[in-house]
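First up is the structure itself, then whatever we jot down about it.
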There are 2 protein chains.
Amino acid sequence: MISSKLFNSYANRGMALESDINLTNKYYLDNNIAIIHKKPTPIKVAKVSYPNTHSVVIKEAFYEMPSTTDYNGIYKGKYIDFDAKEVKSNKSFSLSNIHQHQIEHLKKVYEHGGISFLIVKFYINNTSYLLETKNILNFIENENRKSIPIEYFEKYGYKIKESYIPRIDYIKVIDKLYFSEVSYEKEI
Amino acid sequence: MISSKLFNSYANRGMALESDINLTNKYYLDNNIAIIHKKPTPIKVAKVSYPNTHSVVIKEAFYEMPSTTDYNGIYKGKYIDFDAKEVKSNKSFSLSNIHQHQIEHLKKVYEHGGISFLIVKFYINNTSYLLETKNILNFIENENRKSIPIEYFEKYGYKIKESYIPRIDYIKVIDKLYFSEVSYEKEI
C-alpha cells in the first residue's frame with residue numbers, strides 16, 4: 001500500500017506525457033516499428049464481490065509500489081526499458097521522482113545489454129529529453145546534488161522530436177544512438 | 001471489465017505454476033542471470049477514497065483483459081516474452097486458454113527477433129513444456145483442432161527441468177536453443 005502523496009506522484013504523475021507515449025507506442029505497434037507497452041499499475045486486491053455469476057467487482061484494493069519501470073518491449077531485436085517523467089515548473093529533475101529500485105532496474109538492464117533510459121519532459125522549455133542509463137548513473141555517482149539540472153539533459157541527453165504523429169518519436173533517437181553507422185548529431 | 005468466468009481463467013489460473021515461475025525469476029534476478037518480471041494484472045479503477053491525507057483506497061475497480069503476455073524481460077541481451085498455463089487434467093492444451101491478441105503478440109515478438117514462447121504445465125504427467133511461438137503458429141496454421149495435444153508438446157516442445165532451486169529452469173532451455181553451439185538434445 002502506498003500513501004496518497006506517492007499515489008499522486010506515481011499514479012497521476014505525468015499524465016500528458018504518458019498519454020503521448022501511449023499514443024506513440026500505438027503508432028509504433030500499428031506500423032510494426034516496435035512492440036512497446038506500458039505495464040499496468042500494480043494493485044493489490046483485498047476484496048472482490050460477485051454481483052452475479054457473470055461478473056466480478058473489486059471492492060477494496062491498494063496501489064502498490066512498481067518493482068520495475070513503466071515501459072518495456074522490443075525494437076529491432078533489442079530489449080527496450082524506460083520510465084517517463086514530467087517536470088512541471090523546475091529547471092531540474094529531482095531524483096526523488098524515481099525510486100532507488102527503479103534506478104537499479106535500469107542499471108541491470110543496461111548491464112545485461114538492453115537499451116534503458118529515462119524520458120524527462122521539462123515544461124519550462126517544453127522539451128522532452130532521452131537520458132541514457134549510463135548518464136543517469138554517471139550523474140548519481142559523481143554529483144552530490146539530488147536533482148539533475150536541465151543543463152545536464154542539454155549536454156548528455158537527446159532531445160526528442162515532438163509532432164502530431166507520432167507524438168514523441170523516441171525510437172528515432174534510439175535508432176541514431178544504437179542502430180546508425182554515422183555518429184549522432186544532436187538537434188539544436 | 002471481464003466476466004467472472006474470465007476472471008477465474010485469467011486472474012486465478014495457474015497459481016502453482018505462476019508461483020514457481022515467480023520464484024524462478026527471483027532466483028534469476030538475485031543471481032544476475034536474467035531480468036524477467038511478471039506484469040501486474042491490468043485493473044481499471046472506477047472509485048477511490050482518501051480515508052485520510054496519507055492514504056488512498058480503491059473502492060471500485062474491474063479486471064481488464066491483458067493486452068500482452070504475463071512475463072517479459074531480458075536474457076543475454078535478448079528480449080524474452082512468454083505466458084504460462086496449466087492443464088489440470090486434460091491430455092491437451094485448449095487454445096481457448098490463450099487469447100487471439102496474445103498469440104498475435106507472441107508472433108510479433110518472434111517476428112521482431114525476440115524469444116517468445118508458452119510454458120505449459122500438464123498435471124497428467126507432471127511435466128512443464130516450453131513451446132516456441134513458431135511451433136504454436138505451425139499448429140494453428142496446419143491443424144483444425146482447437147487444442148494442442150500433449151504429443152505435440154512431446155514432439156516440438158522442450159521439457160523444463162524442475163527442482164527445488166530454481167523451481168522451473170526455463171532459461172536452461174533458452175540457453176540450449178538460442179545460445180549454444182551444439183544442437184539441443186531433448187531430455188527424455
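Fair warning: this is a prediction, and the values are worked out from it, not measured in the lab. What's counted below: heavy atoms across the whole structure, side chains too, no hydrogens, waters or symmetry copies. Chain identifiers are assigned alphabetically (A, B, ...) following the order of the sequence lines, protein sequences preceding nucleic acid strands; residue numbering begins at 1 within each chain.
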Do A/I150 and A/Y123 share a hydrophobic cluster, counting only Ile, Leu, Val, Met, Phe, Trp and Tyr and linking them when any side-chain heavy atoms are less than 4.5 Å apart? no
Closest-packed option against chain A by number of heavy-atom pairs under 4.5 Å, given B/K108, B/K76, B/E111: B/K108
Among B/L29, B/D81, B/I80, B/I43, who wins on heavy-atom pairs under 4.5 Å with chain A? B/I43
Is there a path from B/I36 to B/L23 through hydrophobic residues (I, L, V, M, F, W, Y) whose side chains come within less than 4.5 Å of each other? no
Option in B/H105, B/K78, B/K47 with maximal non-hydrogen atom pairs under 4.5 Å from chain A: B/H105
Compare all side-chain heavy atoms of B/F62 with those of A/I58 and state whether any distance is below 4.5 angstrom. no
Quick check: closest heavy atoms across B/P42 and A/P40, and the distance to 0.1 Å? CA-CB, 3.7 Å
Can you tell which part of B/H37 gets under 4.5 Å to a heavy atom of chain A, answering side chain, backbone, both or neither? side chain
Evaluate the side chain to side chain contact (heavy atoms under 4.5 Å, CB included) criterion for residues A/K59 and B/K59: first the C-alpha distance (whole Å), next the side-chain angles of each, then the deciding distance (0.1 Å), finally the verdict. CA-CA 5 Å; A/K59 299 306 284 182; B/K59 299 305 283 181; over 6 Å; no
With a 4.5 Å limit on heavy-atom distance, are the side chains of A/I35 and B/Y79 in contact? no
Could you report the tightest heavy-atom contact between B/I74 and A/V109, atom names first, then the distance? CD1-O, 4.1 Å
For B/Y63 and A/V45, work out which heavy atoms get closest and say how close. OH-CG2, 3.5 Å
Assert top hit (heavy-atom pairs under 4.5 Å, partner chain B, pool A/A46, A/A34, A/A61, A/G77) equals A/A61
